[in-house]
Amino acid sequence: MIQAAVFGFGNIGSGVVAVLEENREQIARVIPGGIAVKYILDIRDFPDSPYADRIVHDVDVILNDPEISVVCETMGGKEPAYTFSRRALERGISVCSSNKELVEAFGPKLLAAAAEHHCSYLFEASVGGGIPLITPMLNCLVQEKITEVMGILNGTTNYMLTKMQHCGADYGKVLQEAQELGYAERDPRADVEGHDTGRKIAILSSLMCGKTVRYDEISCEGITKITPEDFVFAAQHGYTIRLLGMSRLQEDAVSVLTAPFLVPEGHPLYGVTDVFNGVLVHGTMVDDVMFYGRGAGKLPTGSAVAADMILASRNIGSTVPIAWSEELMPVVPAGERISAFFIRGDKAQEEAVLKALDGKLEAVWEAEDSLEGDETFALVTKEYREKEIYNALEEISGIRSMIRMLPKEA
Ligand SMILES: NC(=O)c1ccc[n+]([C@@H]2O[C@H](COP(=O)([O-])OP(=O)(O)OC[C@H]3O[C@@H](n4cnc5c(N)ncnc54)[C@H](OP(=O)(O)O)[C@@H]3O)[C@@H](O)[C@H]2O)c1
């Protein structure tokens with residue numbers, strides 16, 4: 001039997017305990033006796049919990065117990081999560097985290113500490129919640145040169161965009177509904193402004209490159225400016241709109257961003273709706289591989305953390321290797337990215353826009369019945385360097401939407 005501890009008995013920490021307890025027999029098939037939770041570190045007491053007797057408030061109780069060989073860090077935030085994780089690794093205790101903020105900021109440092117002290121730092125649940133993604137990428141695809149990772153990585157915004165797509169509701173209304181259902185936080189900025197997706201694509205990009213792709217170097221656009229009219233145009237031409245994290249190797253650099261995209265019908269991410277997440281990984285030999293499932297939630301995410309705890313437990317005394325160095329990976333400057341855009345604007349500006357985009361235009365999208373009376377026009381561009389599109393439109397007012405597009409044949 002492995003003795004374990006939980007740092008942070010919130011939503012995910014309690015999910016981890018539930019998975020380890022309820023599936024003890026299942027886990028015992030690979031870890032004789034299963035994984036027992038000996039301590040739970042939290043600020044609060046939980047007098048009504050069946051685990052009340054395991055709550056501790058001093059991390060040293062856990063770190064000084066020689067029986068403990070694995071902990072999960074489900075506290076969130078950078079500190080004290082970083083200090084506690086580092087101190088555990090320095091004592092040879094493996095740490096399994098769901099904390100994307102910490103992994104993005106300190107992943108390589110904690111991986112180095114784990115390697116030095118013959119234990120593991122694992123973070124499957126930090127991206128894609130319950131979806132097995134990082135472990136398959138690093139193991140089943142270890143023989144591949146991965147050149148692109150792209151996905152829907154935030155369930156809250158995907159729920160909101162799905163609602164806008166199907167009900168024609170505006171952004172404010174779907175946000176309110178998502179908050180009432182508990183999908184969106186009272187302060188929704190991390191989700192709706194794309195920061196959550198940005199951190200996750202930073203982690204996936206770093207794993208793709210083996211070097212560090214910093215979150216603060218990633219262009220981040222959210223969904224706050226998406227309107228029902230954008231969805232109407234998109235639907236009339238066989239597209240929907242999704243918030244994507246996208247990372248593509250481009251020679252010696254990586255082109256990476258978080259932004260809403262028009263996604264064509266038939267694309268594997270088109271059918272990823274509601275709170276679900278989907279991630280496409282492209283390898284040069286295997287082609288596209290897709291991962292799909294619940295990107296958040298107590299039990300799905302707890303399950304992913306538990307999987308890491310089992311993996312670490314099966315490798316006691318050694319390190320589960322993850323190739324991610326502190327060396328910075330060059331990021332393609334935003335203006336140099338190659339993109340096609342859907343552009344919507346005031347009808348009065350149509351001629352000026354058409355003139356400005358001379359040679360860059362792919363098609364004008366006529367408005368159909370549902371937009372009659374709305375003095376708006378829409379068009380789509382060819383794939384161009386982004387700075388050329390932005391420069392061309394610099395002097396023109398009345399642009400209401402500019403949304404990147406995935407090509408139809410993708
Ligand atoms: N929720 C999801 O679906 C989901 C999915 C994937 C990843 N994650 C990530 O998982 C992590 C945890 O998320 P969560 O939703 O479980 O958050 P949560 O419900 O707020 O749980 C965090 C727990 O840690 C405790 N804690 C905070 N600081 C502490 C400290 N210094 N010492 C001891 N305990 C401390 C908190 O106590 P207090 O409540 O008293 O502050 C709380 O009980 C975050 O990094 C999050 O991004 C969450």
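The figures here come from the full heavy-atom set of this structure, side chains too, leaving out hydrogens, waters and symmetry mates. Small disclaimer: the values here were computed from a predicted structure and weren't measured. Numbering of ligands and ligand atoms starts at 1, following listing order.
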Pull out every atom of ligand 1 sitting under 4.0 Å from any heavy atom of [X], numbered as shown with elements.
X	result
N99	45 (O)
A125	6 (C), 7 (C)
G76	44 (C), 45 (O)
K100	47 (O)
G8	23 (C), 24 (O), 25 (C)

Among all protein non-hydrogen atoms, which one is nearest to [atom], and what is the separation to 0.1 Å?
atom	value
atom 3 (O) of ligand 1	G297 N, 2.8 Å
atom 32 (N) of ligand 1	I43 CG1, 3.7 Å
atom 2 (C) of ligand 1	I12 CD1, 3.4 Å
atom 7 (C) of ligand 1	S98 O, 3.3 Å
atom 12 (C) of ligand 1	T74 O, 3.4 Å
atom 5 (C) of ligand 1	T301 OG1, 3.5 Å
atom 1 (N) of ligand 1	N11 ND2, 3.3 Å
atom 23 (C) of ligand 1	G10 N, 3.6 Å

Exercise. Is the distance between the ring centroids of F46 and Y51 less than 6.0 Å?
Worked result: no
Exercise. Quick one: are the ring centres of F231 and F233 less than 6.0 Å apart?
Worked result: no
Problem set entry | Residue selection (non-hydrogen contact nearest atom 36 (C) of ligand 1) among V6, D42, V103, V56 | D42
Problem set entry | Nearest option to atom 30 (C) of ligand 1, as decided by whichever heavy atom of E73, R294, M75 sits closest | M75
Problem set entry | Charged tip of R242 within 45° of F261 ring normal and under 6.0 Å | no
For this session: Please work out whether any backbone atom (N, CA, C, O) or any side-chain heavy atom from C-beta onward of F7 is under 4.0 Å from ligand 1, and answer side chain, backbone, both or neither.
Result: neither
Problem set entry | Side-chain ion pair, E221 and R404, N-O less than 4.0 Å | yes
Checking side-chain polar atoms at under 3.5 Å, does [X] have a donor or acceptor matched by the opposite partner on [Y]?
X	Y	value
T197	T258	no
E124	T135	yes
N277	Y292	no
H267	Y239	no
E362	T381	no
T376	R344	yes

Exercise. Side chain to side chain contact (heavy atoms under 4.5 Å, CB included) between V213 and I218: does it pass, once the steps are laid out?
Worked result: CA-CA 8 Å; V213 177; I218 296 178; 4.3 Å; yes
Exercise. Within a distance of under 4.0 Å, is there any protein heavy atom near atom 20 (O) of ligand 1?
Worked result: no
For this session: Establish whether atom 17 (O) of ligand 1 and some protein heavy atom are separated by less than 4.0 angstrom.
Result: no
For this session: For R86 and E90, run salt bridge (Lys or Arg N to Asp or Glu O under 4.0 Å): C-alpha distance rounded to whole Å, both residues' side-chain angles, the deciding distance at 0.1 Å, then the answer.
Result: CA-CA 6 Å; R86 193 171 180 111; E90 284 167 356; 3.0 Å; yes
Problem set entry | D230 side chain to T227 backbone, donor-acceptor under 3.5 Å | yes
Under 3.5 Å between any N/O of [X] and any N/O of ligand 1: does that happen in this structure?
X	answer
P80	no
R44	yes
A296	no

